[in-house]
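One structure is given below, encoded as structure tokens.
Side-chain atoms are counted along with the backbone in the values below, which use heavy atoms only and exclude waters and symmetry mates.
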Amino acid sequence: MDDVTRRRLVGVGVGPGDPELVTLKAVRLLTQADAVIVPATERSGDGAGRAEAVVLAACPQAGAAIRRAPFSMADRSGVTERRRESWLTAAQIAVEAYAGGARLVVFATVGDPSVYSTFSYFAAHVAEQLAGQGETLDVEVVPGITAMQALAARARLPLVEGTETLALIPVTAGLATLTDALDRLDTVVAYKSGRQLPQVVAALAASGRAATSVVGTDIGLPGERLVRVDDLLAEAAADRGADGNGGGVPAAPYFATVLSAPARGGIGGRL
């Protein structure tokens with residue numbers, strides 16, 4: 001298959017939410033794409049999801065090429081029937097675009113396509129369906145800025161310095177995994193904290209990291225919220241009151257990001 005007729009599928013990272021953080025390469029591909037597939041979840045309903053909103057803000061001319069693909073956020077782990085069905089449905093949208101003459105299809109994903117993204121599953125199903133028709137597919141990936149990078153920048157907390165180590169932990173892997181990383185490594189980033197944020201905060205406090213940890217939600221968006229973990233603990237203590245009753249640390253949206261940096265002393269102290 002020559003360059004004119006070959007089918008390309010490109011996973012494009014559009015960053016955490018701020019359209020100004022979308023790369024020039026991403027904008028170029030979004031502009032050139034015959035079809036731009038974006039995830040549509042339960043949260044977005046009939047409106048634009050986060051990836052679609054970023055695409056429209058960064059590259060309005062791509063609007064006519066957008067195709068929404070249903071992705072469920074209700075299943076937190078495992079290859080469920082609903083999750084598999086969403087992958088197949090999204091893949092069929094791409095296959096139909098190719099059948100209609102498309103040569104370049106872009107899948108726009110929040111953050112980076114190589115970091116906890118559905119793109120790899122989606123691309124595998126597209127390639128499989130095309131292979132069943134005797135056709136081949138060229139798959140490419142364009143990286144995007146991750147939530148942990150955006151949070152570190154907004155909080156003015158370097159991710160790593162000098163010889164420090166960095167761990168990225170999905171809280172869905174279990175609190176024991178997070179606790180182990182907090183005990184052994186330097187900077188620890190926790191994704192997908194959501195409903196388990198109270199337990200995550202408790203683990204940070206127990207490890208003595210509250211003063212150097214921050215929670216971020218909707219980074220780069222109008223509703224952005226950054227709060228230090230020691231402030232969260234102070235707020236929870238105040239809410240409980242003298243009688244010990246009242247609320248604790250509240251849960252957070254599913255995509256909340258927690259950044260816990262090590263204690264650092266002096267300029268260049270970790271070199």
Side-chain angles (χ1 to χ4, degrees), residues 1-41 44 47-69 71 90-91 93-94 97-98 100-124 126-127 137-160 166 168 189 191 216-224 226 255 257 259:
M1 187 176 290
D2 59 32
D3 289 343
V4 175
T5 60
R6 72 191 182 107
R7 291 169 172 80
R8 297 172 63 199
L9 176 63
V10 185
V12 170
V14 296
D18 182 349
E20 292 188 332
L21 294 180
V22 179
T23 66
L24 293 173
K25 185 169 186 177
V27 170
R28 175 175 61 79
L29 287 165
L30 289 166
T31 303
Q32 295 173 346
D34 300 302
V36 176
I37 299 176
V38 294
T41 66
S44 59
R50 182 176 296 191
E52 181 178 348
V54 175
V55 169
L56 290 172
C59 189
Q61 57 270 46
I66 286 178
R67 309 285 187 271
R68 292 178 182 173
F71 283 90
I93 294 173
Y98 292 126
R103 290 294 173 263
L104 171 59
V105 174
V106 166
F107 182 91
T109 181
V110 170
D112 183 285
S114 301
V115 180
Y116 299 128
S117 171
T118 58
F119 175 69
S120 59
Y121 317 129
F122 165 77
V126 175
L137 179 70
D138 292 335
V139 180
E140 305 167 33
V141 172
V142 175
I145 292 174
T146 61
M148 66 177 174
Q149 292 170 290
L151 177 56
R154 295 290 293 123
R156 295 293 304 279
L157 277 175
L159 275 173
V160 279
L166 170 65
L168 176 58
V189 178
Y191 275 9
T217 57
D218 294 328
I219 303 301
L221 297 173
E224 173 186 291
L226 278 74
F255 286 115
T257 300
L259 167 59

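Here side chain to side chain donor-acceptor pair (under 3.5 Å) pairs that include residues 140-153, with residues two or more places apart or in two chains, are R8-E140, T146-Q149. The salt bridge (charged side-chain N to carboxylate O under 4.0 Å, His left out) pairs that include a residue from residues 147-156 are R154-E224, where partners are two or more places apart or lie in different chains.
For E20, the side chain to side chain contact (heavy atoms under 4.5 Å, CB included) test picks out D18, with sequence neighbours left out. The salt bridge (charged side-chain N to carboxylate O under 4.0 Å, His left out) check on R67 picks up nothing, with sequence neighbours excluded. Taking A94 as the reference, I37, Y98, V105, F122, V126 meet the side chain to side chain contact (heavy atoms under 4.5 Å, CB included) condition, with sequence neighbours excluded. Scanning for side-chain hydrogen bond (donor to acceptor under 3.5 Å, both in side chains) contacts around S117 gives T109, with sequence neighbours left out. Considering only residues two or more places apart in sequence or on other chains, Y121 meets the ring-ring contact (aromatic ring centres under 6.0 Å, His included) condition with W87. Take D34 and apply the salt bridge (charged side-chain N to carboxylate O under 4.0 Å, His left out) test, not counting sequence neighbours, and it matches no residue. In this structure P60 satisfies the side chain to side chain contact (heavy atoms under 4.5 Å, CB included) test with no other residue, sequence neighbours excluded. Applying the side chain to side chain contact (heavy atoms under 4.5 Å, CB included) rule to V38 yields the partners V36, E52, I66, R68, A108; only residues at least two apart in sequence or on another chain are considered.
Note that CD1 of I219 is 13.0 Å distant from CD1 of I145, once rounded to the nearest 0.5 Å.
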Show, in sequence, the C-alpha distance, side-chain angles and deciding distance for R50 and L221, and conclude whether the side chain to side chain contact (heavy atoms under 4.5 Å, CB included) test is met. CA-CA 10 Å; R50 182 176 296 191; L221 297 173; 3.5 Å; yes
Check the pair R6 / R103 against side chain to side chain contact (heavy atoms under 4.5 Å, CB included), numbers first and verdict last. CA-CA 7 Å; R6 72 191 182 107; R103 290 294 173 263; over 6 Å; no
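With V10 as reference, L104 is the one residue of V141, L104, D138, L30 to meet the side-chain contact (heavy atoms from CB on, under 4.5 Å) rule.
Using a 4.5 Å cut-off on side-chain heavy atoms (C-beta onward), V14 and V55 make contact. Put simply, the side chain of T217 does not reach to within 4.5 Å of the side chain of L226, judged on heavy atoms. For the pair T118/F107, a side-chain contact is recorded, criterion being any heavy-atom separation below 4.5 Å from C-beta on. Considering only heavy atoms from C-beta on, V110 stays 4.5 Å or farther from Y116 through its side chain. Side-chain contact between V54 and V22 is present, with heavy atoms from C-beta onward closer than 4.5 Å. The closest side-chain heavy-atom distance from V139 to F119 is below 4.5 Å. T257 has its side chain within reach of Y191: a pair of non-hydrogen atoms, C-beta onward, lies under 4.5 Å apart.
The shortest heavy-atom contact between L166 and M148 is CD2-CE, 4.5 Å. P113 and V12 make their closest contact through CG-C, 3.8 Å (heavy atoms, listed as atom of the first residue, atom of the second, distance). The shortest heavy-atom contact between T31 and C59 is OG1-SG, 3.2 Å.
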